[in-house]
Amino acid sequence: MRRDWIHPRNLQEALAVRAERGAVPLSGATDLLVRHRGVAGTFPTLDAPIVWIGHLEELTAVTAGAHELRIGAAAVYTDIAAHPRTPAILRQTIAELAAPAIRNVATVGGNIGNASPAADAVCTLYALDAEVELASVTASRRVAIAELITGPGRTTIGDDELITAVYLPLGQDEFWFYRKVGTRRANALSKLALAACGRLDGRRLADIGVALGAVAPTVVRSGDLERRMRGAAPEDIAAMRNELISGYLALVNPIDDQRSTRRYRLRVTENLLTELFDRRLPFSLEGSAEHRGSRSPQR
Amino acid sequence: MDNAISREVERVDARAKARGETAYLADRGFENRLYARVVRARVPRGTIVNRNTPALPPGYHYITAADVPTGGKNCVRMIKDDWLVFAEAEVRYYGEPIGLLVGPDRQALAGLLEQFEAAVEYREQEAAVNLEEALRCKGGPIHGEDNLFADLHTSKGDPERAFAEAARVIEREFHTGHQEHVYIEPQALVGTREDGKVTIYISTQCPFYVRKAVATTLGLAAEDVVIEQTPTGGGFGGKEHYPDVLATAVAIALTKIDRPIELILDRMEDLEFTSKRHPSRVRYRVGLDEADNIVALDVDMVLEAGAYESSSRVVLQRGMFSSNSVYEFPNVHVHGRAVATNNVPADAFRGFGAPQGLFAAEMLMSQVARELGVEDVELKQRYLLRQGSTTLTNGRIHEEVKLQEMLEHILNESDYRRKRREYGAGNGRGIGISLFKHGSAFTGNGEPEIIKGRVRIRKRADGRPELLVANVEIGQGVLTTFRKIVARVLDIPYTDVVYNNHNTAQVPDSGPTCASRSVAIVGYLLQQAAEKLKGRLQEPGEFEVEQGYEHPAHLHWDAETLTGDAYPAYSWGVNCVEVEVDPLTYEVTVTGVWTAYDIGRAIDEGVVRGQIVGGAIQGLGYAGLEKLQNSGGRFLQHTMADYCIPTSLDFPNVRYTLFDNPYQYGPFGAKGAGEVVFDGIAPAFGAAVQQALDREVAHVPLTPEYISELTDGTDSAFHAQRPARTADAEPATTAP
Amino acid sequence: MRIEFTLNGQNARINAPTETLLVDLLRREFGLSGARPGCMRGQCGNCAVLFNGALTRACLLPVFRLEGCEVVTIEGFLRTKEFADIEYGFERAGMDPCRFCISSKVLVAHSLLLSELEPSDLEIERATSGVWCRCTSYSSFVNGIRYAAHARKRRYNERNF
């Protein structure tokens, strides 16, 4: 039996079919259709009605306020990367994500809704303290991304809710370090990733977010370890580095799968944490502004 | 003879393809067409207890082994005919075809496929899914009493005595993995009946192979089957035999259904269930005298053949004959085995056994050099084959060997000696060299005894010559190179040569498009045929000249004892690969690739460049990226997202130099170029990584996971240098 | 459902099940086969089309997204001056082997040159990484785009003066 594909005129209509019929939102289709895809000449087999949201202006805009950036849930990565206020670490993440033709249609809302622990942008959104805005016909709420995603493919999104936007506080990337370890250089899925960013206060760390992707059922972030780093000077980081590294390693629990091994993921996670605490963070705290951003080496 | 023929011309098929105007099989309309899907076994090993065949809606058909017509045979006739079109009771691998569903609607077929596959009941048996398990006959033998499809020996000198007298013996073991072809156009065919004959339109390298297979399965005379090759989007060996497997299944269906039937594999199906490159395990013993001269070599090579033998015996032979690379040792014994497992059958893949043998041999030499404290290039140079050398099958190297000159060129061009010295050991950077050869054409007596290729050239009424050959364009450029060869003999523009027929009813069997033989063997037949036509283009009317293969009189081969000239001639290569290994993630960045080849004489430099660059990148994929892991009889990597082939970002430009060395029995001096360009990349990459890590590398793919395990442990110099390397690689955040 | 959209500059009206994918629709309804179903899962990049001007994979586009949109396939793109630049560049570079992937590469090249008329090698490699090729003519591809960029600049300059 074919299922309905609904083409709403506005967000209200989309929310209504979501509530009334449990319709699944679809925009770039780069994940949902791939998962439900058949062979050439056949239709994707989906077991719920689909509501198309990629054309809704309420959802596609990227707008900067005084203190935060609002990214519409159906904004495509190409547009997000092009916005002048998009944090550099997110821009870098997008540059390493899939391929141009995918970035032209894939959306941040889709990545969050799918809740894959290996989704590149989601890891960076954790580090950036992203909040997700959800709406239903009757209400709207904002929730920290870490509270929204509860496991692989599992979220606390209500049966009547749609993701409408993601909010990023601005200025959270005075320094940043992003490293994706993929299956190859381009068009790659992550074996693991580390995203770290924050604010500086002279030689001290004012705030930091450290997120580890693809090494546990959800992206790993630790409020406790981050609190201990706040206010730290380079020498404090040096003194704490063993506890920090072992603290994070205690939180990860990677698996063996078709892309990599548990052993490799643990080892490289440790290496990346070591790199962050021994080198990147101290240099950022001591160094000048141009030393404060860092990306994966690209040929 | 000048080498004007090497000058690059515009490829005749270039424009239509760039404009998307070339019709591949999936682009062609066949009126009244039905679609087919292969019903596959869902256990790696077992017996079908009950098929519980579900009911079919009207207009749909289910074809099985029971539908093979009288006089026909449920087998795929390739080199061997043990591969079944449809499994009967016994299932040998996950995904083995057990039937074919045919019907008008693809959506409905998808639903039926699921039903039919799920309905089958099996009695499962313990499967042997890698060569170690198969050698132990885990779960009982799959084939014969010992799982060996082939068990071969060849030897030279007196290896037993040489080992007895050796001052020391060095031992090593190497492994290579499965590799999938990933031609971008999936396997595709349409079977129909035209003028009463079974007619197959198919994406293939070898129309006459398909004809032979279909005729055998249906019990027809070969002439009653017509095969037409459609423009083919890549092959690499994957469309050498495998199309037979699909064509025979559709052919059986055609005996029941009088409509065109289209079978195009889905990418995931193609990735998981079509043939692969043979994984290998090669063990060496190297006997040295008191002055550290290598006096004896003992090789134990095992190839994992998968569920059916198909071409494994021949692949094994090429592997064995490559296991000494380009070195002459006085005493050699090679033991080769092809072992049956419960995996998809392994079959032809660019290199055909040679890459496995060469990887092992070249890594061995570099590790013997390490152990002896000699630079590996110096060690290798001591044993280079020369004109007149005796091969390990006691044949001769008949041609001039330019390896030394090629090696010097590559050493200079890559600045190898300086880099080798400066990078030291275990500092995250390395550079590696490989030397290698690839025998053009079929092994041993394949060309004169089995293939017996023939070509014809028709002088058309309009005065233009038309090539009647069975070899097909699969991207390698024969549409252009064959025309150039004939045009040059006849002294006419190459665009005046007609060559557009890939239909078995209209051309003689000049053999398959594989084994680096199209230009070297068939091109030479065309040159000879064109000579017969010379001066006759002005004659009135239409007539044909023909040329059959004549084995050069100086070549000898004994297929029983595997002795003599295994190949008519060799193409030679030297590769150099430079790498950096990331100390944080163990990812390898290739920073340079330098190559040199002697392929006789290039028929077209543009075409040859395409082969060189493509071969090198595909070789780097094999060496570092492409991983297929078997878990319980299935590959874990079965989507293109998980089986990673190189993209444009993965590897740098490939430099190349051709060494002109015309071969007497090749067209204008040409030898094979399609495979030698793949063969040597993996060991050069391996040697480079070995230096970067200061660790011996024993297998490909050399994934970051494997590198991480190699460098485990606190004594690794590679770890000690971590901070310094990071600073170099990523200046953005590091202190000045 | 009935859908109206612009295909290669012309108004197109079709009646097709909503979840039909564009790559199939182009073949079935319009006989356009330049977008090739290489994997049907958005990975190989061989079914490239321009969707509202942006490079997109036709195997991931259900037709219900087409309403009021603009689709350009290689067949439509052939008629443009932009194609002529790229064809010139690719031929000049000698784009190699089997060419199954080349019509998508043409659209990738165009899409890149639209946003950047003087792309660096790295930008070219990044842009092209989305079309897989196994023969592997990536380096010719990079050269081809360089030549095409040059041709396009020259044409723009001529127009300006």
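Residue numbers start from 1 in every chain, and the chains themselves are labelled A, B, ... in the order their sequence lines are given, proteins ahead of strands.
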Notebook entry, point to check: Is it the side chain or the backbone of B:Arg267 that comes within 4.5 Å of chain A heavy atoms, both, or neither?
Noted result: neither
Margin query: Report which part of B:Leu113 has an atom under 4.5 Å of a heavy atom belonging to chain A: side chain, backbone, both, or neither.
Written below: neither
Notebook entry, point to check: When heavy-atom pairs shorter than 4.5 Å are enumerated against chain A, which of B:Gln629, B:Glu587, B:His638 gives the highest number?
Noted result: B:Glu587
Next item on the list: For each of B:Leu628, B:Thr647, B:Thr703, B:Asp642, tally heavy-atom pairs with chain A at distances under 4.5 Å, and name the one with the top tally.
Entry: B:Asp642
For the backbone of [Y] and the side chain of [X], can you confirm whether one donor and one acceptor N or O come within less than 3.5 Å of each other?
X        : Y        : result
A:Arg267 : B:Ser708 : yes
A:Arg184 : B:Pro646 : no
B:Gln107 : A:Phe43  : yes
B:Glu705 : A:Ser260 : no
A:Tyr264 : B:Thr585 : yes

Checklist line | Smallest separation among heavy atoms of B:Leu649 and A:Arg185, with atom names | finding: O-CD, 3.0 Å
Check: Under the side chain to side chain contact (heavy atoms under 4.5 Å, CB included) criterion, do A:Thr183 and B:Lys627 qualify, and how do the steps go?
Finding: CA-CA 10 Å; A:Thr183 44; B:Lys627 178 177 68 175; over 6 Å; no
Next item on the list: Taking atom CZ of A:Arg241 as the centre, report whether more than 12 heavy atoms of other residues, nucleotides or ligands fall under 6.0 Å from it.
Entry: yes
Check: Do you know which of A:Val181, A:Leu192, A:Val34, A:Asn187 has the most heavy-atom pairs with chain B at a distance under 4.5 angstrom?
Finding: A:Val181
Check: Any idea which of A:Leu189, A:Thr261, A:Val39 has the most non-hydrogen atom pairs under 4.5 angstrom with chain B?
Finding: A:Val39
Check: What part of A:Asp278 gets closer than 4.5 Å to chain B, counting heavy atoms only: side chain, backbone, both or neither?
Finding: neither
Checklist line | Under 4.5 Å from any heavy atom of chain B - which part of A:Arg263 | finding: side chain
Note to self: What's the separation between atom OH in B:Tyr643 and atom CD in A:Gln258, rounded to the nearest 0.5 Å?
What the structure shows: 15.0 Å
Margin query: Determine whether A:Asp257 and B:Leu636 satisfy the following criterion, side chain to side chain contact (heavy atoms under 4.5 Å, CB included), listing intermediate values before the conclusion.
Written below: CA-CA 8 Å; A:Asp257 66 7; B:Leu636 288 174; over 6 Å; no
